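Keep in mind that this is a model prediction, so the values were computed, not measured.
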Amino acid sequence: MSTEEKSAAPRSLAEALRVRDDVSLAALLRSRPDLITPVPTDLTQLATRAGTRASVVRALERLDRFALQTAEALAVAPDPASYGELLALMGGDEQDPAVAAALPRAAALLREQALVWGADDRLRLVRTARELLAPSPQHPSPTGLGPTVREATAGMSPGRIQEILAAVRLPSTHDSVSAVSALAALFADRRRMAALLAGLPEESREVLDRLVWGPPYGQVTHDPAAHLRALLDRGLLLPTAPGTVVLPREVALHLRAGRAHRAPEPVPPPVEAAATHRPQVVDATAAGQALAALATVEELLKEWDEGGPSVLRAGGLSVRDLKRTAVALDVPEPVAAFWVELAYGAGLIASDGEPEERYAATPAYDEWRELPPAERWARLAGTWLTATRTPGVVGGRDAKDRTLSALGPNLDRSAAPEVRHRVLALLAGLPEGASPVEESVLARLRWERPLRGPQQREAGSGDGRGEDLRSRIARWTLSEAELLGVTGRGALAAPGRALIGAPEAPRPAAEEEKEEPEGPGDKLPVHHHRALTATAPPTAAERAAATATAARLLAPLFPEPLDHVLLQADLTAVAPGPLERGLADVLGVLADVESKGGATVYRFTPGSVRRALDAGRSAADLHAFLARHSRTPVPQPLTYLIDDVARRHGRLRVGAASAYVRCDDDATLDEILADKRAAALGLRRLAPTVLAAQADPAALLDGLRAIGFAPAAESAAGDVLIARADSHRTPPRAAPEPVPDGPPAPDDTLLAAAIRAVRAGDLASTAPRKPGPGSEASDGGGGEAGAPGGALPRTSAAETLATMQAAVLTGEALWIGYVNAEGAASQRVIAPIRVEGGFVTAYDHTADEVRTYPLHRVTGVAELADDAG
């Protein structure tokens, strides 16, 4: 390297950032958005922030496995290290061609993320990253390497070091520094090191083999065996504490053939296809699941229409209420938790805020029900994809060993949206109609985010796997996507592909006629990167467009709703498909759902008919409704059932006295009084046709119905009260907002503004300037006060005014310190145009516009040097 090139080489991360172009800076800020929250004043502050522990940890967590392995290798390499030394550590003596091909990308990624800086002959890992990844007794390196010879012998006596030199037949030296250097050079020399190891006993070689891949520390007694003494005498094991020895890094690297990692992983593991189905079958299956999902959510909300379960004091559903919900939906409890959380995330249910707080449907539910089916599904699927609430953790334990309940607090997992999107993107990268091998998906995710697993394990998961959180979320994503109809038979359907913004896959005519292979058939490893790897998450507008496209693709897959049912003589009705909204609503009140599936079976009972009469329907209305919507004749038993219930319905009237019963037929009242089952109601006769009760009206209604009567409630005016199923709604509620995983990714407008502000601030802080009045006092003797991190210029008011007025005449630029009304100080480069009335009007090079500044807020002024850029 020439003298000019050496002088041009960056001496710090700030200088390395200073020579980047805007595109490179934008890539850095987009990948590490915490660096511009808030926007730094200049590149020096940006570099300082990029080296903070929290920011570096966050950046390391987002590296793929090979990029992380590259950073780990740099942490154990000399500082600085050349690209050749890094390649030797990654590829070993054999120089793995796959590693050599992938290393430039990994090094470029580390440099782009400001984790590595410097030219190829002087690569430097930022100090904080080196501290995090370098080996130490408290924090072993992921490479399994130990300290260097120099580090391990730091506290060793000079005499002992000379004894080791003599044992390995090296000449003695006059000082410990040269002795340690000679020993390290021996261990790094492949030929001499092989000769040294060849003279060891087999037992000694076995000890080295046990330590070579880590951990490098071992225990010895105060009187070690002969094979251990041979290693200690030659410095192949060095003492670090009483009874503890370590394998020096140079020795381990020789035994590893120069490799820092046992198994470098330069290529991501492929996602394998378990089976392949025809795309039409996948889409049809997914559409059927989507219809079932809509029916399940509606059934859940129907259960809670009149007010659902009570809210626990700490928030959420009780275990008992979740079990009841699971029984009502005929699903396992984890699946019930998923549907409850999905409805909550979509804003369809919430707590009502009453003193006796309960969950209930929101007004948004009524609006949602009026949407076309495909749009209703798209809203649920879009909510699921972006939600941070994770129903899979329900039933586990939080950090305080409390049970996590559905709809309760502490269910947010900020990684969930990214994992869901990534899993679906990996499915989109498979051949169309292919379902994945689940373990291959998990292996790929672990390669893409290797650090996040051990750091995000949660106690009390209950799955028995001991998996990291990302892997568990990925498993839940695959099952939830199938429940929701995003996938069909495990393969990504066309609406699901549109949901994540993936392009629609072409379908050749020849493929459409292929027979569908069944079973685990073709094993199709995916080596290409068709999966989405967008650098920034989609915006709200892009998500809205994606869900609209998904709804458009799903709509033709849904069957047309039916306007009829098939009535049968056994008091059942069969709906051979989805029903029109009005028909489904009325039939849901008039009959009970007996079974669900491709065809829904409804059963008519006295209780269900009475429910319809309570809702304001007359017997004539019910007969006309059934005749209008049945493709078969109305069975006579059903006609008799409706007439019989209607004849008895309303003969008894219950009102508030505490409560009373009135009936025109006094014989019916006599029958009630004589019935022992009515004793608990506290009835007594007030008149031949009126009974008074001690129970409230609702209890009286239930008690008389339990005895076998069919009373109707009436108002104070004597009118029959109509009981509607949808009478309880919460006040308007906003859907829960996802918890972001760190600062949001900046958009292009913010990036451009931030880069412009940082560069302008950097210009002001680094512009060379002449020593002016007071500069000696401010920067210690005539040095450049404009050096990065220099203090603001300090001049008196008279000196500031005189320098400003002179600059107006000469047209020269000045460097000023300025404190705004909020007390924030900044440095600026300005070209004064006019000075009057206590204000200076100038062209501000920092803001790239003309501005006016009060002179009393200017801390000082200095002239720029003649060679200022």
Least distance between heavy atoms, [X] atom then [Y] atom:
X	Y	answer
His261	Trp213	C-CZ3, 3.6 Å
Pro266	Ala102	CB-CB, 3.6 Å
Leu183	Val149	CD2-CG1, 3.9 Å
Thr795	Val861	OG1-N, 3.2 Å
Val246	Pro248	O-CD, 3.4 Å
Leu89	Ala77	CD1-CB, 3.5 Å

Pair [X] + [Y], salt bridge at N-O below 4.0 Å:
X	Y	value
Arg190	Asp93	yes
Asp64	Arg446	no
Arg53	Glu131	no
Arg449	Glu418	yes
Arg18	Asp42	no

Verify side chain to side chain contact (heavy atoms under 4.5 Å, CB included) between Phe187 and His254, making sure each step is shown before the conclusion. CA-CA 7 Å; Phe187 291 164; His254 173 82; over 6 Å; no
Quick one: does any side-chain atom of [X] pair with a main-chain N or O of [Y] as donor and acceptor, under 3.5 Å?
X	Y	answer
Thr803	Glu799	yes
Arg834	Val808	no
Glu112	Ala108	no
Gln113	Leu28	no
Arg65	Gln69	no
Thr810	Ala806	yes
Arg444	Pro268	no
Arg111	Val116	no
Arg32	Ala50	yes
Arg256	Val212	yes

Step by step, work out the side chain to side chain contact (heavy atoms under 4.5 Å, CB included) result for Leu170 and Arg192. CA-CA 11 Å; Leu170 289 176; Arg192 291 193 293 165; 3.8 Å; yes
Heavy-atom check, side chain of [X] versus side chain of [Y], under 4.5 Å:
X	Y	result
Tyr843	Ile830	no
Leu115	Leu63	yes
Ile816	Gln827	no
Pro450	Leu68	yes
Leu238	Ile164	yes
Asp844	Val850	no
Ser55	Leu35	yes
Leu46	Leu43	yes

Donor-acceptor pair between Arg150 and Ser181 side chains, under 3.5 angstrom: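 Yes - a donor-acceptor pair under 3.5 Å links their side chains.
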Cut-off 3.5 Å, side chains only: do Asp34 and Thr37 have a donor facing an acceptor? no
Stepwise side chain to side chain contact (heavy atoms under 4.5 Å, CB included) check, Met193 with Val251: CA-CA 8 Å; Met193 190 64 178; Val251 178; 3.7 Å; yes
Say you draw a straight line from [atom1] of [X] to [atom2] of [Y]; how long is it, rounded to the nearest 0.5 Å?
X	Y	atom1	atom2	answer
Arg130	Glu72	CZ	CD	12.5 Å
Arg49	Leu13	CZ	CG	13.0 Å
Ile161	Thr173	CD1	OG1	8.5 Å
Ser82	Asp120	OG	CG	9.0 Å
Ser471	Leu445	OG	CG	7.0 Å
Arg62	Leu109	CZ	CG	13.0 Å

Would a line drawn from the ring center of Tyr853 to the ring center of Phe839 be shorter than 6.0 Å? no
Sole candidate of Pro216, Pro147, Ser141 that passes side chain to side chain contact (heavy atoms under 4.5 Å, CB included) when paired with Pro135: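 Only match with Pro135 under side chain to side chain contact (heavy atoms under 4.5 Å, CB included): Ser141.
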With sequence neighbours left out, the residues meeting side chain to side chain donor-acceptor pair (under 3.5 Å) with Thr52 are none
Does Asp21 have any side chain to side chain donor-acceptor pair (under 3.5 Å) partners at least two apart in sequence or in another chain, and if so, which? none
Pair Tyr83, Leu103 - check side chain to side chain contact (heavy atoms under 4.5 Å, CB included), show working. CA-CA 10 Å; Tyr83 183 83; Leu103 189 58; 3.6 Å; yes
Heavy atoms from other residues, nucleotides or ligands near CZ of Arg160 exceed 12 (cutoff 6.0 Å):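 It does: Arg160 CZ has more than 12 such atoms within range.
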